[in-house]
Amino acid sequence: MSAITPQTTSFHLSKLIEGNLVHVEKHGRHRYYRLANEEVARSLKQFNQVKLLREARTCYDHLSGKLGVDLTESILNACYLEKEEREFP
């Protein structure tokens, strides 16, 4: 992960404040940022849940998501399975 400049951080934080996603409290020369409300926090939690589902999930009787795709590609690359167009004969 690369570091970002203080100016970039300030710019992004000001955009989050403008969007009412975070609030800032100033104490002397320090500033403390927090999520604006419970709805923002809930949205973040839902986003993270969706992100996890995208990684790996089961759908009825098969594995899906990125994990399912990666596993299928590994099995194909190892020649344990053959694929013709969009089907596995």
Side-chain angles (χ1 to χ4, degrees):
M1 180 180 251
S2 62
I4 59 172
T5 66
Q7 294 82 4
T8 301
T9 303
S10 293
F11 174 78
H12 287 283
L13 286 169
S14 67
K15 291 294 181 184
L16 291 171
I17 292 168
E18 287 174 22
N20 293 318
L21 296 172
V22 298
H23 288 163
V24 62
E25 290 181 28
K26 297 176 185 177
H27 295 277
R29 39 178 265 176
H30 299 283
R31 290 188 177 114
Y32 298 91
Y33 296 86
R34 63 178 169 81
L35 294 177
N37 55 48
E38 190 176 308
E39 186 178 319
V40 173
R42 189 169 32 249
S43 295
L44 182 60
K45 182 178 179 184
Q46 289 170 341
F47 171 78
N48 287 333
Q49 288 172 339
V50 169
K51 186 177 170 187
L52 290 172
L53 282 174
R54 218 178 281 131
E55 281 298 312
R57 65 185 181 274
T58 57
C59 184
Y60 298 102
D61 63 347
H62 67 275
L63 182 64
S64 55
K66 184 177 182 323
L67 179 62
V69 171
D70 290 347
L71 180 60
T72 302
E73 287 177 356
S74 294
I75 292 170
L76 285 168
N77 290 338
C79 298
Y80 292 121
L81 185 64
E82 292 180 3
K83 181 179 177 183
E84 292 178 10
E85 293 185 27
R86 296 179 54 110
E87 295 187 11
F88 302 96

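Small disclaimer: the values here were computed from a predicted structure and weren't measured.
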Query raised in the report: Within a radius of less than 6.0 Å around CD of E82, do more than 12 heavy atoms belonging to other residues, nucleotides or ligands occur?
Result: no
Query raised in the report: Would you find more than 12 non-hydrogen atoms of other residues, nucleotides or ligands less than 6.0 Å from R34 atom CZ?
Result: yes
Same hydrophobic cluster for [X] and [Y], using side-chain heavy-atom links shorter than 4.5 Å among ILVMFWY?
X	Y	result
V24	V40	yes
I75	L67	yes
L35	I17	yes
Y33	F11	no
L71	Y80	yes

Query raised in the report: Could you go step by step and tell me if H12 and T8 meet the side-chain contact (heavy atoms from CB on, under 4.5 Å) rule?
Result: CA-CA 6 Å; H12 287 283; T8 301; 3.4 Å; yes
Spacing of [X] atom [atom1] and [Y] atom [atom2] [to the nearest 0.5 Å]:
X	Y	atom1	atom2	value
N37	N20	CG	CG	8.5 Å
K83	E73	NZ	CD	8.0 Å
L16	L21	CG	CG	5.5 Å
E38	S43	CD	OG	10.5 Å

Query raised in the report: Does the side chain of Q49 reach to within under 4.5 Å of the side chain of L52, using non-hydrogen atoms?
Result: no
